[in-house]
> 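Below: one structure in structure tokens.
Every heavy atom of this structure was used, including side-chain atoms; hydrogens, water molecules and symmetry mates were not.
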Amino acid sequence: MNEIEKLELAAYRTDIIEDVNNLIEKYRAIFGWDVPDIDENVANRLILNEVRQALDDIQNK
């Protein structure tokens with residue numbers, strides 16, 4: 001990746017982090033509907049693991 005791509009990506013880094021946080025919150029809320037006494041830390045780890053797996057799957061296509 002050359003410098004222009006790195007600069008462009010850096011400009012969106014905050015947006016990407018915010019989007020991922022919103023995605024985690026979305027799925028944590030769904031977990032909360034299904035599991036009323038959910039442990040948020042456990043739910044976050046499970047969701048993050050699935051997001052990582054999804055990213056790996058997409059990258060390896």
Side-chain angles (χ1 to χ4, degrees):
M1 184 179 338
N2 60 54
E3 287 304 308
I4 191 72
E5 287 89 353
K6 288 180 184 178
L7 289 172
E8 188 69 17
L9 184 58
Y12 289 104
R13 184 169 312 279
T14 301
D15 293 334
I16 292 169
I17 291 168
E18 183 178 338
D19 288 345
V20 172
N21 280 325
N22 290 336
L23 185 65
I24 292 165
E25 179 61 34
K26 171 187 172 182
Y27 284 101
R28 188 177 343 113
I30 293 169
F31 271 49
W33 298 331
D34 295 337
V35 184
D37 295 327
I38 192 164
D39 181 332
E40 286 189 13
N41 290 326
V42 171
N44 287 348
R45 280 196 302 274
L46 292 170
I47 295 164
L48 282 170
N49 286 339
E50 288 302 315
V51 169
R52 283 186 186 102
Q53 183 61 54
L55 291 171
D56 289 344
D57 291 349
I58 291 166
Q59 185 173 19
N60 292 325
K61 276 188 176 180

> What do you reckon, is CD1 of I4 surrounded by more than 12 foreign heavy atoms closer than 6.0 Å?
no
> Can you see which heavy atom on I47 is nearest to which on I24, and at what distance?
CD1-O, 3.8 Å
> Can you name the residues that form a side chain to side chain donor-acceptor pair (under 3.5 Å) with R45, not counting sequence neighbours?
none
> Roughly how far, to the nearest 0.5 Å, is CG of N21 from CD of E18?
8.0 Å
> Can you tell me how far apart CD1 (I30) and CD (E25) are? Round to the nearest 0.5 Å.
10.5 Å
> Is N49 close to R52 at the side-chain level, that is, under 4.5 Å between some pair of heavy atoms?
yes
> Using distance only, find each side-chain donor-acceptor pair of residues 53-61 under 3.5 Å and give its atom names and separation, not counting sequence neighbours.
from: Q53; atom 1: NE2; to: D57; atom 2: OD1; distance (Å): 2.7
from: N60; atom 1: ND2; to: D56; atom 2: O; distance (Å): 3.0

> Quick one: closest heavy-atom pair of N44 and R28, and the distance?
OD1-NE, 2.6 Å
> Sequence neighbours excluded, which residues qualify as side chain to side chain donor-acceptor pair (under 3.5 Å) partners of E50?
none
